[in-house]
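First up is the structure itself, then whatever we jot down about it.
All chains are named by letter (A, B, ...) in the order of the sequence lines, taking the proteins before the strands, and each is independently numbered beginning at 1. Scope of the values below: all heavy atoms of this structure, side chains included, with no hydrogens, waters or symmetry mates.
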Amino acid sequence: MKEAFAHMAEKTEKYDHKSIEARWQGEWEANGAFRTAEGADADKKYYVLEMFPYPSGKIHMGHVRNYSIGDVLARFLMMKGRNVLHPMGWDSFGLPAENAAIQHGIHPAKWTHENIDNMRTQLKRMGLSYDWTREVATCTPEYYRWNQWLFLRLLEKGLAYKKRSSVNWCPECATVLANEQVEDGECWRCGSTVEMKELDQWFFKITAYADELLEFTEKLPGWPERVLVMQRNWIGKSVGAEVDFKLEGSDEFIKIFTTRPDTLFGVTFMSLAASHPLIEKITTPERKDEVRKFAAKVKSEAKSARPGADEAEKEGVFTGAYCVNPLTGDRVPVYAANFVLMEYGTGAVMAVPAHDQRDFEFGAKYGLPVKVVINPPGKELVTSEMEAAYVDPGVMVNSGAFNGMESSKAMSAITEELEKQGKGKKTITYRLRDWGISRQRYWGCPIPVIYCDTCGTVPVPDESLPVILPENVNFTGKGLSPLATAEGFVNVRCPNCGSMARRETDTMDTFVDSSWYFLRYASPKNESLPFTREEAGYWMPVDQYIGGIEHAVMHLLYARFFTKALRDLGLHTVDEPFRNLLTQGMVCKEITKCPEHGYLYPEEAAGGKCSICGKPVSIGPVEKMSKSKKNVIDPDRIIREYGADTTRLFSLFAAPPEKDLDWNEEGVEGSYRFLGRVWRLINENLDLLIEAKAWEGGQLEGGPKELFGATHRTIKKVTQDIEERFHFNTAISSIMELVNASYQLMPQLDGKGADAIEARVFKKAAETIVLLIAPFAPHISEELWARLGSKVPVYRTKWPTWDEDALKQDEVEIPVQVNGKVRGRVRVAAGANEAAVKEAVLADEKIKESVGGKEIKKFVYVTDKIVNMVVA
RNA sequence: GCGAGAGUGGCGGAAUGGCAGACGCGCCAGACUUAGGAUCUGGUGGGCAACCGUGGGGGUUCAACUCCCCCCUCUCGCACCA
């Protein structure tokens, strides 16, 4: 239909996003537009980084949003004269590639590289300002050899070690999972129930940095508070004491951990984790049966997702054993309890029902005594009247020599006493565990060690790196990793003694790869080091890191750990990798459902009817885009139909970056219309605009003065919105206002020449619009800039600056409130004094009426802003 | 339970002590047109009005979406951490 009218010669050429975007992407590529090099002036550097993607095959809207945000910043800062590093790469080891091999018989390498090629093309079509010469892919030997090299350095430092340990095992993925990869007892990737398994594993000693990692969460003002909180929770530091309780009739001790040594005199029983190794030993024969049954029950319950902590009933059984309170000598019965976790502390807890809510509940259930040792200030607790534990500080009682002391002081006093007697010591525990990095998978970085019968565990020498992942292996998806069955890989001579030995066949967790890639971008091609001190020294830290909240703990904590460990290896000098972090919101869309066919893709629900059966479709709540709910929009289609500029613009305009974005196609059309409006504004006046000289200042009146003021106001607003708060949505809306204001001036251009003030002010506005939209919609911006006659591309043009004088208005309209309600407005000279304003206000008929002759008790005037009168 | 964030027109969202609803979507009207799902222009929180309106209730202030206190709802994170 559109074509039928195409012959109706339109006044101006249509906005053809396809040819414009192809042209400028070609130009940028041909000119190496975004290549970066270290400069002399270190404070001009700016490192913008978006989390690199896993090459799943196609980009999704989350990527579009992430990279659009980063690109606005990068392009804006380039125009502001910063030396911007803006790289991109691929987090390209990982399970999906291996699954593709198992399911479709495609080699992971082939699958991955094809996906990378495809996604690179897609990213280039978005017009992102990456320095592609710095591209890295973690699955290439050029990259992963440095993974191996860094592993060896950590090994030398004692920060990598091997131990046999019980690990989380996913039966479906046939691999070990890190603690962080287990969610509610299920595999984070496939959702299978996780089992425990004993295996020899490589670990990184992240716990050696627990304190520093925690401490620096207070020194990252550029990070969102919630991410820091999540990391603090994850590290889970608590300060307290370890206390030894001697077992009655034995030389063994039960070691407990407590954060409340001040309550030690109030211990009335002891709780052990059901899986505590001492349980079996100490349980009296007549109780064995009951205790074993209980332990089995706790174990099975632990496997299924534990119900919400506080609501779960506290249960336990008496073991028949007693231990002795080290300070009071009291006899304390030992229980096995379901709420004590073997993984935390020592797996044993001293129970103080009077001052711990869990112990209180447990004690009440089994009729155990309550002994108060802390009274609230000015009060006395009566055991029989207590309905809950008293957990706050107070004054010590029933605590021997410590009576009368502030409980806060007793904490350390009692700990010191224990230390003096050799019965305990001050201790700090962490929830954070060392990072298990071994994976029984093929598509990952080989761990560079060799096992020799004579020499033991031997590191692969640096000069033998990289340990190449062999291509020729079998994929079954069952049992051992394909590497373990690759004879040519496994069998190797010991680098030490030369006898036949075996290679490690586990590969590294892919989070290792992504823990230092931001450093590799500084020296992407270096063949003798992972990165050089000079280059990393120039670019690091990343000034702005942008990515999804899902990486709040794992990736971001590992990357922080690596940065610190590599610093201590002397490889660079920064403490923290990411100075500022922006966690973008999710991209969401409403769900469409057919009563018969379930979830429908948006295109299957066109017109509100199911495309399969024609039944009306129910439109559900807005949720995160996901394939399972079919509420996904393919960026490729949007870019094809509307162009990259529109797609980027909409994803930035619809919501501020940290909030969730609600995708809707009408909004996309709105953004497209806006770009069309900019296109016409300039092309319909192109001859005049080329000829006119932009107005840069001087005496103005009326329409031109207004537009010139609006131009400068917009420069100021857009600049501040981008650099101070990342509020791209309001930046874009203010450019829209400037475009609207420019259209308002168009009638005044009629019949005027290029020398006319109107034309010159209009030119200034037009130029400004083109430059201000450049970070958001770079292609149309370049095209219009070239059409306006510039030989220099926009990305090398200076970002416009504003003139405070141009913002000033001669006259301002002041709203006048009477008792807080707007009753009228007066026009006064800008900056007028209160007396002058008052005179104008009192002369106004409408306002007079509102005042109704009543007494004016107070007259408030905020210069150029508002008047408020209190009358009665 | 603890922690973080949010609650504003039909919708996405503006406004961080100073005219609530910028900008956009949607909707309505007009212009141009053989035609319009193009474009341009205007209108659009509710109410006939006085007035009423930012989750609810109190407070501070000349002035509160914004600050303080209490409560409700939602989202996210942590969750028997001794």
- NA contact type, A:Phe859, heavy-atom cut-off 4.0 Å: base, sugar-phosphate, or nothing? nothing

- Between B:C27 and B:G37 - P atom distance, rounded Å: 11 Å

- Task: Please tell me which of A:Met342 and A:Asn233 maps to the more 5' nucleotide of RNA chain B, matching each residue to the nucleotide holding its nearest heavy atom.
- Result: A:Asn233

- Length of the NZ-C1' vector between A:Lys314 and B:A82, whole Å: 12 Å

- Is a side-chain donor-acceptor pair under 3.5 Å present for A:Arg431 with A:Asn233? no

- Sequence neighbours left out, what passes side-chain contact (heavy atoms from CB on, under 4.5 Å) with A:Met61? Give chain and number order. A:Val64, A:Val587, A:Met625, A:Ile633, A:Pro635, A:Ile638, A:Trp663

- Item | Donor-acceptor pair between A:Tyr15 and A:Thr646 side chains, under 3.5 angstrom | no

- Item | Spacing between A:Asn868 atom CG and B:A63 atom P, to the nearest angstrom | 7 Å

- Message: Looking only at the aromatic ring of each residue, does the gap between the centers of A:Tyr642 and A:Phe650 stay below 6.0 angstrom?
- Response: no

- Message: Apply the syn/anti split at 90° from 0 to B:G30 and say which one it is.
- Response: anti

- Task: Please report, rounded to the nearest Å, how far the C1' atom of B:C62 is from the OH atom of A:Tyr861.
- Result: 16 Å

- Task: Provide the Watson-Crick or G-U wobble partner of B:A31, both distances under 3.5 Å; none if there is no partner.
- Result: B:U39

- Spacing of A:Phe257 atom CZ relative to B:C81 atom C1', expressed in whole Å: 9 Å

- Task: Round to a whole Å and report the spacing from CD of A:Glu343 to P of B:C81.
- Result: 13 Å

- Reckon A:Val227 touches a base, only the sugar-phosphate, or nothing at all at heavy-atom distances under 4.0 Å? nothing

- Between C1' of B:U61 and CG of A:Asn819, the distance in whole Å: 14 Å

- Task: May I ask you to say what A:Gly670 touches in the nucleic acid, namely base, sugar-phosphate or nothing, with a heavy-atom cut-off under 4.0 Å?
- Result: sugar-phosphate

- Task: Using a 4.0 Å heavy-atom cut-off across all strands, classify A:Lys821 as base, sugar-phosphate, or nothing.
- Result: sugar-phosphate

Strictly under 3.5 Å: I want the nitrogen or oxygen pairs between protein and nucleotides 11-16 of chain B, one per line.
from	atom 1	to	atom 2	distance (Å)
B:G12	O2'	A:Ala654	O	2.7
B:G13	O3'	A:Asn729	ND2	3.3
B:A14	OP1	A:Asn729	ND2	3.0
B:A15	OP1	A:Arg725	NH1	3.2
B:A15	OP1	A:Arg725	NH2	2.8

- Query: So with a 6.0 Å cut-off around NZ of A:Lys365, is the heavy-atom count from everything else above 12?
  - Reply: yes

- Item | Interatomic distance where CD1 belongs to A:Ile732 and C1' belongs to B:C23 [whole Å] | 10 Å

- Distance between P atoms of B:U41 and B:C25 (Å, rounded): 13 Å

- Item | 5'-most by nearest nucleotide on RNA chain B - A:Glu669 or A:Glu737 | A:Glu737

- Could you measure between the two P atoms, the one in B:C78 and the one in B:U16, and give it in whole Å? 33 Å

- Message: Partner lookup for B:C67, please. Criteria are Watson-Crick or G-U wobble with both distances under 3.5 angstrom; report none if nothing qualifies.
- Response: B:G59

- So what does A:Arg680 hit on the nucleic acid, given a heavy-atom distance under 4.0 Å: a base, only sugar-phosphate, or nothing? sugar-phosphate

- Item | Residue matched to B:A82 through Watson-Crick or wobble contacts both under 3.5 angstrom | none

- Task: Just call it for A:Val862: base, sugar-phosphate, or nothing, with non-hydrogen atoms closer than 4.0 Å on any strand.
- Result: base

- Query: Now, which nucleotide makes the Watson-Crick or G-U wobble pair with B:A22, with each of the two distances under 3.5 Å?
  - Reply: none

- Task: Establish, from distance only, whether the side-chain atoms of A:Tyr430 and A:Asp211 form a donor-acceptor pair under 3.5 Å.
- Result: yes

- State plainly whether the residues A:Arg725 and A:Glu658 are in salt-bridge range, i.e. N to O under 4.0 Å. no

- Message: For B:G45, give the paired nucleotide (Watson-Crick: N1-N3 plus N6-O4 or O6-N4; G-U: N1-O2 and O6-N3; both under 3.5 Å), or none.
- Response: B:C52

- Message: What is the separation between atom CD on A:Gln231 and atom C1' on B:C78, rounded to the nearest whole Å?
- Response: 14 Å

- Message: By the 4.0 Å heavy-atom rule, please label A:Glu550 as base, sugar-phosphate, or nothing.
- Response: nothing

